[in-house]
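Shown next, in C-alpha cells, is the structure this report addresses.
The sequence lines fix the lettering, A, B, ..., with proteins before strands; numbering per chain opens at 1.
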Protein chains: 2
Amino acid sequence: MASDHTRSAILAAAERLYADRGFGDVTLRDIVAEANVNLAAVNYHFGSKDELIAELFVTRSIQTNRERLNELKAAEEAGGGRAAIEDIMRALVGPTLRGCLGPDREGSTAARFMIRASIESVPPIRRIKNREVDHLRKFAAAMRRAMPGRDDTELYWGLHFALAMAHHTIREKERLLRLSEGKCDLDDVRAIIDRVVTVSVMALTMGDVPNKPAARPVLVHGRLTRQDL
Amino acid sequence: MASDHTRSAILAAAERLYADRGFGDVTLRDIVAEANVNLAAVNYHFGSKDELIAELFVTRSIQTNRERLNELKAAEEAGGGRAAIEDIMRALVGPTLRGCLGPDREGSTAARFMIRASIESVPPIRRIKNREVDHLRKFAAAMRRAMPGRDDTELYWGLHFALAMAHHTIREKERLLRLSEGKCDLDDVRAIIDRVVTVSVMALTMGDVPNKPAARPVLVHGRLTRQDL
DNA sequence: TTGCATTTCAAACATTTGTATGAAACTATC
DNA sequence: GATAGTTTCATACAAATGTTTGAAATGCAA
C-alpha cells in the first residue's frame, strides 16, 4: 500500500461534508469532488457507501469508548477496586459531552459529525449502536459494585437517564439555546457534565420520593444505603 | 369534495407503513399500493411527499400538545392559578409517554409512527419540531410561576432534562429492554411517568449537591423553597 | 342533458443514486 | 526493464423515485 492518500482524503472529506450538511444531503459525488478523487475510489477502498459511513462512525466511537473505560478504570483504581457512583457516571457521560460540546469543539469536524450521527441515525450507524450494549454492561457492572444492594432495575434506569440527558443535550442543544434565549451556557462543558452527573446520582440514590400523591412503591426491595433521610 | 376517501386512505396507509418500516424504506409507490389508489393521488391531494409526512406528524403532534395543555390548565385551575411543579412536569411528559409506550399501544399505528418520527428525524418533521419552542415556552412560564425566585436557567435545564428522559425512553426503549434483560418494565407507563416526573422535580428543586468535589456553585441566586434539608 | 369542476388514472419524465466495468497509470520486485 | 499487483480513472449501468401530464371518469348544479 503506497500512501493511503486517497483513502484518507475520502474519509476526511466525507466526515466534513456529513458534519456540515447531514447524511441525507451528501452524495458520493459530493464527497469525491471535495476529496479530489475519482468516484470509483469509494467503492474500491471501502466497498460501499454504508461501509464508509460505518468506518467513520466506528473510528470516533471506539475513541469515545476508550476514553470512557479509561476514566472508569482510573476511578476504580483510585477507589481501591470500587469507584464512587459519581465518578462512574462522570466516566459515562463526560467523554461524550466533551467530545461534542464546547467552544473549542465548535470547529471540530469530528464533534459536528458525531452530533449529526446522533441526530440523523442512518442505518449503518444504527447497526453499530446496537452493539453498544456490551459496552454499557461494563458500566452497569461498575455501578452494581458501587451500590451493592441496590435493585438492578434502578441501576439500569439511572444509567438510561444519564445517557438520556447527555445525548439529548447534544441532539437538542440548538433548541435549548433558543428556548432559554441564550441563558443556558452550552459552552461550559464542565458545568454541563457536573449537572448531568449530579442529577443522575440523585436519581440513583433517591430512596423515597417527595410530593408523591398516589404512586407506585419506590424501592420496595432496595435497601436505603446512603443519604436518604 | 365528495368523500375524502382517497385522502384518508393515503394517510392511513402511509402512517402504517412508516410506522412499520421507517421513512427511509417506504416509497410513494408502496403507499399507494397499500392504499389502493393511484400514484398521482399523493401529489394531487398533498402536493408532495414531504407535505404528506408533515401532515401526518402535525396531526399527531397537535393531539399530544393539546393533551399537554389540557393537563396543564387543569393543574393550574386545581391549584388556583398556580400548579405544583410536579403536576406541570407530569403534564409535559405524560401525554408523550402515554402516547408512545404501553402494552395497549403496542398495536397502535399512531404510537409506532410517533416513535419512528422520534428516531429517524426526517427533514419535514425536523422543520415542524423547530416550531415546538413556542409550545414549550408555555411550560417554562408555568414553571416560573410555580417556582418564583428560581433562576431561569435552572428552569430551562429542568425542562430540558425532563424531555430528555421522556424522549430517550421512547427512542431507546428497545435498548434499555435489552440492556436490562427485561428487568425494566417498559409497559408500566404510569410507573415510567412517575419516575421521569420524580427525577425532573428533584433536578429542579435541588438546592445543593451531595458528593460534589470541586464544582460550580449551585443556585447562588435561587432561594431554597422546598424540602431542601 | 349540458356544462363545469373535481378527482382518478396510466404513462412518461427527469433526475439522482450507488455501483460496476475495463482500460490505463502507477509502483515495486525481480 | 519486464512483470505482476495495486490503484486510478472515465464512463456506463441499472434501478429507484418523486413529480408531471393530459386525458378519462366522475360528481354536481342549472
Side-chain angles (χ1 to χ4, degrees), chain A residues 1-58 113 116-117 120-128, chain B residues 1-58 113 116-117 120-128:
Chain A
M1 181 177 306
S3 75
D4 254 4
H5 168 272
T6 303
R7 224 186 113 87
S8 334
I10 292 173
L11 284 169
E15 186 168 46
R16 187 164 14 157
L17 288 181
Y18 284 143
D20 286 343
R21 291 158 39 191
F23 295 99
D25 275 0
V26 176
T27 72
L28 287 190
R29 284 169 176 81
D30 293 330
I31 294 173
V32 299
E34 179 87 358
N36 274 311
V37 300
N38 188 272
L39 174 60
V42 174
N43 288 277
Y44 177 78
H45 284 283
F46 298 94
S48 72
K49 180 198 184 186
D50 277 12
E51 287 174 86
L52 166 61
I53 294 178
E55 173 150 346
L56 281 171
F57 185 71
V58 166
F113 174 81
R116 279 286 180 196
E120 292 197 15
S121 181
V122 76
I125 290 181
R126 255 203 302 273
R127 275 191 288 272
I128 294 164
Chain B
M1 183 178 307
S3 76
D4 252 3
H5 169 272
T6 303
R7 223 186 114 88
S8 335
I10 292 173
L11 284 170
E15 185 168 46
R16 186 162 15 149
L17 288 181
Y18 284 143
D20 285 343
R21 291 159 39 191
F23 295 100
D25 275 1
V26 175
T27 71
L28 287 189
R29 282 170 177 81
D30 294 330
I31 294 172
V32 298
E34 179 86 359
N36 276 311
V37 301
N38 188 271
L39 175 59
V42 174
N43 287 277
Y44 177 78
H45 284 283
F46 299 93
S48 72
K49 179 196 184 188
D50 277 11
E51 288 174 87
L52 165 62
I53 294 178
E55 172 149 348
L56 281 171
F57 185 70
V58 166
F113 173 81
R116 279 285 179 197
E120 292 197 16
S121 182
V122 77
I125 289 182
R126 254 203 302 276
R127 276 191 287 273
I128 294 164

To the nearest Å, how far apart are [X] [atom1] and [N] [atom2]?
X	N	atom1	atom2	value
B:Leu39	C:dC9	CG	P	11 Å
A:Asp50	C:dT17	CG	P	15 Å
A:Asn43	C:dG18	CG	P	9 Å
B:Lys49	D:dT17	NZ	P	8 Å

So, OP1 or OP2 of [N]: does either fall under 4.0 Å of a side-chain N or O from [X]?
X	N	answer
A:Ser48	C:dG18	no
A:His5	D:dT7	no
A:Asn38	D:dA10	yes

First of A:Ala40 and A:Tyr44 reached from the 5' end of DNA chain D, by closest nucleotide: A:Tyr44
Along DNA chain D (nearest heavy atom to each residue), the more 5'-positioned of A:Arg29 and A:Val37: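 This one resolves to A:Val37.
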Under 3.5 Å: donor-acceptor pair, side chain of A:Asp30, backbone of A:Thr27: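 Flag set: sc A:Asp30 to bb A:Thr27 pair under 3.5 Å.
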Sugar-phosphate only, base, or nothing, as touched by A:Ala41 at under 4.0 Å among non-hydrogen atoms: nothing
Nearest non-hydrogen partners of A:Thr6 and A:Ala41, listed with the distance: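 For A:Thr6 and A:Ala41, the tightest heavy-atom pair comes out as CG2-CB, 3.9 Å.
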